[in-house]
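In what follows, a single structure is set out as structure tokens and then discussed.
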Amino acid sequence: MEASARALERSPLPIFCDEGCQRLTDIERIKDSFTGINIKLMKSTGLFEAKLMLTRARELGLQTLIGCMTETSCATMAAAALAPQFDYVDIDGPWMLAEQPFLAPDLKDGRLVLGRQAGLGIHPIHPSTFF
């Protein structure tokens, strides 16, 4: 954390904690060494803890980014449900997979195009595999 705190003092750019902040309990430890945190649903254990992390980060004046790993649209569409509450969004995981079980959401001008249906809007490529 010491090196991050020194870099933060000198950097004109925001510095986000990525892998060093995976759970709610990590935020207190890193709060003075970074401008913000990157919350990944797969690391934070899901939507509930991610929302708690977002709330705590806001209380501490930290910027927030919702990110992902290389994962299917099933996970990234869950992140998209929280995305409007974040300062930054980086949920490009589905486009890094050669094969995946779900259709990737549509992109237009670098933005996810969300459908009007209820739920996360995920569609299995081969429905018989899942139902």
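Residue indices begin at 1 and follow the sequence shown.
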Exercise for the section: Starting at CD1 of Ile39, measure out to CG of Leu24 and round the result to the nearest 0.5 Å. Expected result: 9.0 Å

Problem - Between OG on residue Ser44 and CD1 on residue Ile66, distance to nearest 0.5 Å - result: 7.5 Å

For [X] and [Y], which heavy atoms make the closest approach, and how far apart are they?
{"X": "Leu120", "Y": "Ala81", "answer": "CD2-CB, 4.5 Å"}
{"X": "Gln100", "Y": "Pro94", "answer": "NE2-O, 3.3 Å"}
{"X": "Cys74", "Y": "Phe102", "answer": "CB-CE1, 3.6 Å"}
{"X": "Thr76", "Y": "Ile91", "answer": "O-CD1, 3.6 Å"}
{"X": "Met53", "Y": "Ile37", "answer": "O-CD1, 4.3 Å"}
{"X": "Pro101", "Y": "Thr72", "answer": "CD-CG2, 3.5 Å"}

Exercise for the section: Look at atom CD of Glu59 and say whether more than 12 heavy atoms of other residues, nucleotides or ligands are closer to it than 6.0 Å. Expected result: yes

Verify the cluster assignment for [X] and [Y]: are they in a single hydrophobic cluster under the rule of side-chain heavy atoms below 4.5 Å apart?
{"X": "Met77", "Y": "Leu107", "answer": "yes"}
{"X": "Met69", "Y": "Ile122", "answer": "no"}
{"X": "Tyr88", "Y": "Leu82", "answer": "no"}
{"X": "Leu65", "Y": "Val89", "answer": "no"}
{"X": "Phe16", "Y": "Leu60", "answer": "no"}

Exercise for the section: May I ask you to say whether Glu9 pairs ionically with Arg6, meaning some side-chain N is under 4.0 Å from a carboxylate O? Expected result: no

Exercise for the section: State whether Asp26 and Arg23 are salt-bridged, where the test is any N-O pair (Lys NZ or Arg NE/NH1/NH2 against Asp/Glu carboxylate O) under 4.0 Å. Expected result: no

I'd like to know if the side chain of [X] reaches the main chain of [Y], judged simply by a donor and an acceptor atom lying under 3.5 Å from each other, with no hydrogens or angles considered.
{"X": "Asp90", "Y": "Gly67", "value": "no"}
{"X": "Gln22", "Y": "Glu19", "value": "yes"}
{"X": "Thr35", "Y": "Ile15", "value": "yes"}
{"X": "Ser11", "Y": "Ala7", "value": "no"}

Practice task
Classify the side-chain pair Arg58/Thr64 by whether it contains a donor and acceptor separated by less than 3.5 Å.
Solution key: yes

Handout entry: Trace of the side-chain contact (heavy atoms from CB on, under 4.5 Å) decision for Asp92 with Cys68
Key = CA-CA 7 Å; Asp92 58 356; Cys68 68; 4.2 Å; yes

Practice task
Tell me, with the steps shown, if Lys40 and Glu71 meet side-chain contact (heavy atoms from CB on, under 4.5 Å).
Solution key: CA-CA 11 Å; Lys40 298 175 184 172; Glu71 55 201 39; over 6 Å; no

Exercise for the section: Report the C-alpha separation of Phe86 and Leu54 in whole Å, then their side-chain angles, then the decisive distance to 0.1 Å, and conclude whether the side-chain contact (heavy atoms from CB on, under 4.5 Å) test is met. Expected result: CA-CA 8 Å; Phe86 282 76; Leu54 171 66; 3.9 Å; yes

Exercise for the section: Would you sort out whether Ile27 and Leu62 count as a side-chain contact (heavy atoms from CB on, under 4.5 Å), showing the intermediate values? Expected result: CA-CA 10 Å; Ile27 296 175; Leu62 293 168; 4.0 Å; yes

